[in-house]
Each structure stands twice: as C-alpha cells, then as structure tokens.
Amino acid sequence: DGVTALAVFVQLAAQLHAQGKSVAEYLEDQYARYGYFVSANSYFVCPDPVKTAHIFSRIRYGPSEEQTSADVQRFEFVRSEYGDTLRYPRTIGGFPVSYIRDLTTGFEMRDVDKVPAETPLRVTLDECRPTFPVSGSSHMVTFETRNGGRLTMRTSGTEPKLKYYLEVRNQDNDRAAAARDLEAMVNAVACELVQATENGL
C-alpha cells in the first residue's frame, strides 16, 4: 500500500511541477476548498479480554446504576427484535454525536442528534441495519460529531490493544480550532469512553 501511495504521490508532484505549482501550494488550495483536517491515532494496551468487553459494553449500553451520576447524557435506541436498548453517548468531548455505526451489534443511524433528549426511540432492524458487514467476533464502533469529528474505536485482531482513529475537519480552515477540538476529543476517548485511569490502562 505504501509503495502504491508513493507512486501516486510522485505522479501528482510531477503534474503539479508541470503546472508551476508545488505540492505544499496544492495542499493549501485543498484546505481552502475542503477545510483543514487534523488526526490522532493511538491505542490502549488491554491484555484482559473481559475488561475490553466491559469497556465496549459501557460505550454501547451505558454504565452500571452506581456509575450513572458521573456519566454523559445518552441516547436510548430500543430494539425490540433483539430485546435490548442501545445507550450510546450523545456527546464526545462536549460535541454532539450526529452519526453512529456499530459493526458488532449491527446498528447504523445518521442525524441521531435530532432525536429528542431523554426520549427512547424504538427502531427496527431495517431502520438501523449497517451498510457494511457485521461481525460479533470483534468490536468496532464509529461516531461522527457535529464539529467535523470522526472517531472509530476497535479491537486489534493480533494484539491486546484497543485502538482508535480520530480526525477532525474544520470547514472554515481554522487550524487552531481544529487542533483544540482534536485535543478535546482525544481526552474524551481516554476519560469518557475508555475510562483509562479507572481501568488501569
């Protein structure tokens, strides 16, 4: 993959050079057109599969009753066909969650931030069936937020790691704002979602 990407990049650089442009100038043009993107990819080492399952269960179904006082506000998606209620967080780092895709439980929905607060929403499997294949053998959840954030959390298939991939797009090309939002969401992954300190990670 890396070699192929390098070959495409060299082709792009050659075309830009022929037009009298540098790659850096072209990149600035793209930022002005599409917005500024920042990203942060990292992981938590978690050798205990029971603890990993607990972390993802809390993300999906909310905390236990004794922990609810310190928790963020959550959605309530009632799936009668499965006999469960999904309680994903309504915010990440204070930013409203607008899209959820869970390829472990089989749930996908857009514009979820338009669901009234504290109102359980009954959904059928047809209404929330993911486009991508679903597998209960591993964990993978994706959230998008209204500030241009996109977060995917998953377990590694080869290592005892809980990985996350996070990016933020600022459509106004405000780089300082993008960096602030990214930092807030990175902290939220550790503190709100994974609860790294509490789980000893």
Side-chain angles (χ1 to χ4, degrees), residues 1 34-35 37 39-41 43-44 46 49-65 67-68 71-158 161-171 181-182 184-186 188-189 191-195:
D1 293 344
Y34 298 109
F37 289 77
S39 63
N41 305 324
Y43 61 85
F44 300 91
C46 187
V50 174
K51 184 176 288 186
T52 298
H54 171 75
I55 290 169
F56 276 96
S57 177
R58 184 180 176 279
I59 291 170
R60 292 186 177 102
Y61 301 108
S64 58
E65 291 185 7
Q67 295 177 314
T68 53
D71 192 44
V72 297
Q73 194 176 29
R74 290 181 175 269
F75 296 103
E76 284 193 44
F77 298 112
V78 181
R79 303 191 300 177
S80 299
E81 290 138 305
Y82 281 157
D84 66 2
T85 300
L86 298 170
R87 296 184 175 91
Y88 300 103
R90 279 185 169 269
T91 61
I92 297 175
F95 304 109
V97 171
S98 58
Y99 168 81
I100 303 168
R101 182 182 66 218
D102 190 334
L103 296 181
T104 305
T105 62
F107 179 88
E108 182 175 25
M109 187 171 287
R110 298 185 181 280
D111 297 322
V112 292
D113 54 328
K114 296 179 182 177
V115 176
E118 300 181 6
T119 301
L121 178 66
R122 295 190 176 277
V123 294
T124 66
L125 297 186
D126 288 338
E127 289 175 320
C128 61
R129 193 185 309 277
T131 304
F132 294 156
V134 174
S135 173
S137 64
S138 61
H139 296 283
M140 181 176 286
V141 186
T142 297
F143 298 99
E144 291 182 3
T145 53
R146 282 296 174 197
N147 65 317
R150 183 178 180 87
L151 166 68
T152 294
M153 301 178 65
R154 70 173 182 89
T155 47
S156 170
T158 56
K161 292 179 179 179
L162 193 164
K163 298 185 174 183
Y164 70 86
Y165 308 86
L166 174 61
E167 69 176 24
V168 173
R169 169 186 174 241
N170 184 285
Q171 62 182 3
D181 286 4
L182 183 71
M185 294 188 71
V186 166
V189 170
C191 299
E192 296 175 9
L193 299 178
V194 176
Q195 292 193 310

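Heavy-atom basis, side chains included; hydrogens, waters and symmetry copies ignored.
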Legend entry - Distance-only polar pair, side chains of Thr124 and Asp126, donor-acceptor under 3.5 Å: no
Inset, instruction - Check the side chains of Tyr165 and Arg154 for a donor-acceptor pair under 3.5 angstrom, ignoring hydrogens and angles. - result: yes
Taking [X] for its side chain and [Y] for its backbone only, find out whether a donor-acceptor pair lies under 3.5 Å.
X: Thr155; Y: His139; result: yes
X: Glu108; Y: Thr131; result: yes
X: Thr85; Y: Val78; result: no
X: Asp111; Y: Lys114; result: no
X: Arg74; Y: Ile59; result: yes

Legend entry - Flag if over 12 foreign heavy atoms under 6.0 Å of CZ, Arg146: yes
Check: [Y] and [X] side chains under 4.5 Å, non-hydrogen atoms:
X: Leu162; Y: Met153; value: yes
X: Ile100; Y: Phe77; value: yes
X: Asp84; Y: Arg60; value: no
X: Val141; Y: Thr104; value: no

Inset, instruction - Test Leu151 against every option in Val168, Val97, Val189, Thr142 by the side-chain contact (heavy atoms from CB on, under 4.5 Å) rule and name the one that passes. - result: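 So the option named by the test is Val189.
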Inset, instruction - Please identify each residue that fulfils ring pair (Phe, Tyr, Trp, His ring centres under 6.0 Å) with Tyr43, with sequence neighbours left out. - result: none
